[in-house]
Amino acid sequence: MAVLHYTLDFKLRAPADVSATVHGLQSIFQEQEMTENVHNSDGHGYLATFVGKNGRFAILRMHSHGLVTFDLQCLEGDDVAQVDNLLNALEKKLKALLDGNIQRIKRLPVLIRGSDVDRYWPTADGRLMEYDIDEVVYEKDSAYQNIKILHSRQFGNILILNGDVNLAESDLPYTQAIMGSGKEHYAGKEVLILGGGDGGILHEAVKLKPKMITMVEIDELVIDGCRKHMRKTCGNVLDNLKGDCYEVLVQDCVPVLKKFAEQGRTFDYVINDLTAVPISTAPEEDSTWEFLRLILDLSIRVLRPGGKYFTQGNCVNLTDALSEYEKLLGRLSCKVDFSKEVVCVPSYMELWVFYTIWKK
């Protein structure tokens, strides 16, 4: 059973009269049959908890710097009308008691904690987003990661890997950006896709009549889940791992890249859909940085003269991490140049940076 968490904040221009304010609120808690327990706040204002019927639990704080906060927790299935009446009565009373001293009132939508369907997922730069998710359609733990596909009324099915929103059925702008935003000519070309288990890049690339696409995805369970539950993204390209102009290799891309380099096999386009630029800006503390450098070096080795390497970066707000990535491009085994593009990816609810890289 989930817990519903309601919040009500009053930001004041000056600290309030604690005694008068608390006394003025007593009748509301008495009407709700909530028992008060005052706690020692070590000189940081007033702090009390209230316990009521149906497992209701509330915290009232009057901070010494001029902020009043009220948190109410109720069990799912509690009488919503009664809860709203309590919050409305408390807000109305506090407005009257603090008249002229209120700078801002903020009442947030209810936070649902512990629900069977998790609707809260963080953005890359650490902001919490609530999605309109109403169903878990697929969940597996592979040898590499936790895989979830959740249904959103707005974005369609969303692929989430290890707690990170990867791609939704709404996110064609992501796929278009990581393929060059329609500026490239794929007809008759050799294409290598690294990762991309959702099938989105493969589906869009096949439409452009390339000579051959080789896709290397390590996690077969991602392919299995997306084949069934991300049809708007992958179409039918994952129904068979080999088609007229493509082949999907369920393997680790590192030894595959090394083998291609040794064989002298080259590609017109390499599309890296493996991982975003790490949030950490300390490469020595994050093995993902070393992995990115290795993939970059190997990919440049299998890139034909005039060929291009496409990849995602990260959220546009992570300027330090993106700057670190661009420094990394200057430390590869051969000199490269790059351009970047900022795109709004619908289900990310943030702007995302994409890179195009080529040999100088």
Side-chain angles (χ1 to χ4, degrees), residues 1-123 125-134 152-154 163 317 349-350:
M1 180 178 288
V3 170
L4 309 184
H5 191 151
Y6 300 83
T7 59
L8 178 60
D9 299 340
F10 282 74
K11 184 174 178 59
L12 308 181
R13 292 184 173 87
D17 184 330
V18 172
S19 179
T21 305
V22 170
H23 179 74
L25 296 175
Q26 292 296 330
S27 61
I28 294 176
F29 294 115
Q30 289 169 2
E31 289 169 5
Q32 293 286 333
E33 300 178 21
M34 301 188 78
T35 304
E36 178 187 34
N37 186 13
V38 180
H39 303 271
N40 180 5
S41 64
D42 293 326
H44 294 285
Y46 170 83
L47 170 62
T49 54
F50 298 84
V51 178
K53 56 187 177 182
N54 299 325
R56 294 174 192 163
F57 175 75
I59 303 172
L60 176 64
R61 293 206 67 168
M62 296 188 64
H63 300 263
S64 56
H65 63 278
L67 176 66
V68 178
T69 60
F70 182 73
D71 295 82
L72 174 64
Q73 295 183 17
C74 306
L75 295 177
E76 189 177 33
D78 199 351
D79 190 319
V80 175
Q82 288 185 7
V83 172
D84 282 340
N85 287 339
L86 168 58
L87 291 167
N88 290 336
L90 189 67
E91 184 173 349
K92 183 178 179 180
K93 192 68 173 181
L94 280 168
K95 283 180 179 178
L97 292 169
L98 302 171
D99 183 43
N101 191 22
I102 300 172
Q103 183 174 336
R104 184 176 69 240
I105 301 171
K106 191 70 175 181
R107 183 168 163 180
L108 296 176
V110 60
L111 181 69
I112 303 174
R113 302 168 64 182
S115 173
D116 290 339
V117 179
D118 189 356
R119 301 189 299 179
Y120 305 98
W121 299 93
T123 59
D125 59 349
R127 293 171 291 117
L128 185 63
M129 294 294 180
E130 180 176 359
Y131 289 80
D132 56 349
I133 290 169
D134 55 13
S152 157
R153 295 189 299 276
Q154 182 177 190
N317 287 345
M349 295 192 254
E350 58 186 338

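The figures here come from the full heavy-atom set of this structure, side chains too, leaving out hydrogens, waters and symmetry mates.
- Distance check, rounded to the nearest 0.5 Å: OG1 of T69 to CZ of F10 gives 11.0 Å.
- In this structure, the separation between CG on L67 and CE on M62 is 10.0 Å, given to the nearest 0.5 Å.
- Within the 4.5 Å cutoff, side-chain heavy atoms of F70 are placed close to those of L87.
- Heavy atoms from other residues, nucleotides or ligands lying under 6.0 Å from NE2 of H23 number 12 at most.
- A heavy-atom distance below 4.5 Å is not found between the side chains of D9 and V68.
- For the side-chain hydrogen bond (donor to acceptor under 3.5 Å, both in side chains) test, residues two or more places apart in sequence or in another chain that qualify with Q82 are R56.
- The minimum heavy-atom distance linking T21 with L97 is given by the pair O-CD1, 3.6 Å.
- Among residues two or more places apart in sequence or in another chain, the side-chain hydrogen bond (donor to acceptor under 3.5 Å, both in side chains) test is passed with D84 by none.
- You'll find the side chain of L86 reaches within 4.5 Å of the side chain of I28, heavy atoms only.
- A 4.5 Å side-chain heavy-atom check between V51 and N37 finds every atom pair outside the cut-off.
- Side-chain contact check for E36 versus V22: some heavy-atom pair is nearer than 4.5 Å.
- With contacts defined as side-chain heavy-atom distances shorter than 4.5 Å, the pair L98/L12 qualifies.
- Residues satisfying the side-chain hydrogen bond (donor to acceptor under 3.5 Å, both in side chains) criterion with E91, sequence neighbours excluded, are R107.
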Which donor-acceptor pairs under 3.5 Å do the side chains of residues 108-121 make with protein atoms, sequence neighbours left out?
unit_1	atom_1	unit_2	atom_2	d
R113	NH1	H5	ND1	3.1
S115	OG	V117	N	3.3
S115	OG	V117	O	3.3
D118	OD1	Y120	N	3.1
R119	NH2	E130	OE2	3.0
Y120	OH	I112	N	2.8
W121	NE1	D118	O	3.1

Original post:
Is there a side-chain contact (heavy atoms from CB on, under 4.5 Å) between L75 and V3 once you walk through the steps?
Top reply: CA-CA 5 Å; L75 295 177; V3 170; 4.1 Å; yes
**OP:** Apply the test side-chain contact (heavy atoms from CB on, under 4.5 Å) to residues E350 and N317: give CA-CA distance (whole Å), side-chain angles for both, the deciding distance (0.1 Å), then the verdict.
**Re:** CA-CA 9 Å; E350 58 186 338; N317 287 345; 5.7 Å; no
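- In this structure, the side chains of D79 and V83 stay at 4.5 Å or more apart for every pair of heavy atoms.
- In this structure, a donor-acceptor pair under 3.5 Å is present between the side chains of S152 and D132.
- Atom CG of L25 is separated from atom CD of Q30 by 11.0 Å, given to the nearest 0.5 angstrom.
- Annotation for G163 and P122: closest pair O-CD, 4.4 Å, computed over non-hydrogen atoms.
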Subject >> Steps toward side-chain contact (heavy atoms from CB on, under 4.5 Å) verdict (R127, M349) >> reply: CA-CA 10 Å; R127 293 171 291 117; M349 295 192 254; over 6 Å; no
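- Put simply, the side chain of L47 does not reach to within 4.5 Å of the side chain of N40, judged on heavy atoms.
- Annotation for L90 and F29: closest pair CD1-CZ, 4.0 Å, computed over non-hydrogen atoms.
- Under a cut-off of 6.0 angstrom, the local environment of NZ in K53 is crowded, with over 12 non-hydrogen atoms contributed by other residues, nucleotides or ligands.
- Take D99 and apply the side-chain hydrogen bond (donor to acceptor under 3.5 Å, both in side chains) test, not counting sequence neighbours, and it matches no residue.
- The two residues A58 and M34 come nearest to each other via the heavy atoms CB-CE, 4.0 Å.
- The CG atom of L8 sits 6.5 Å away from atom CG of L94, with the distance rounded to the nearest 0.5 Å.
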Side-chain donor-acceptor pairs under 3.5 Å in residues 13-20, sequence neighbours left out?
unit_1	atom_1	unit_2	atom_2	d
R13	NH1	I102	O	2.6
D17	OD1	S19	N	3.2
D17	OD1	A20	N	3.1

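- Smallest separation of non-hydrogen atoms from R61 and H44: NH2-O, 3.8 Å.
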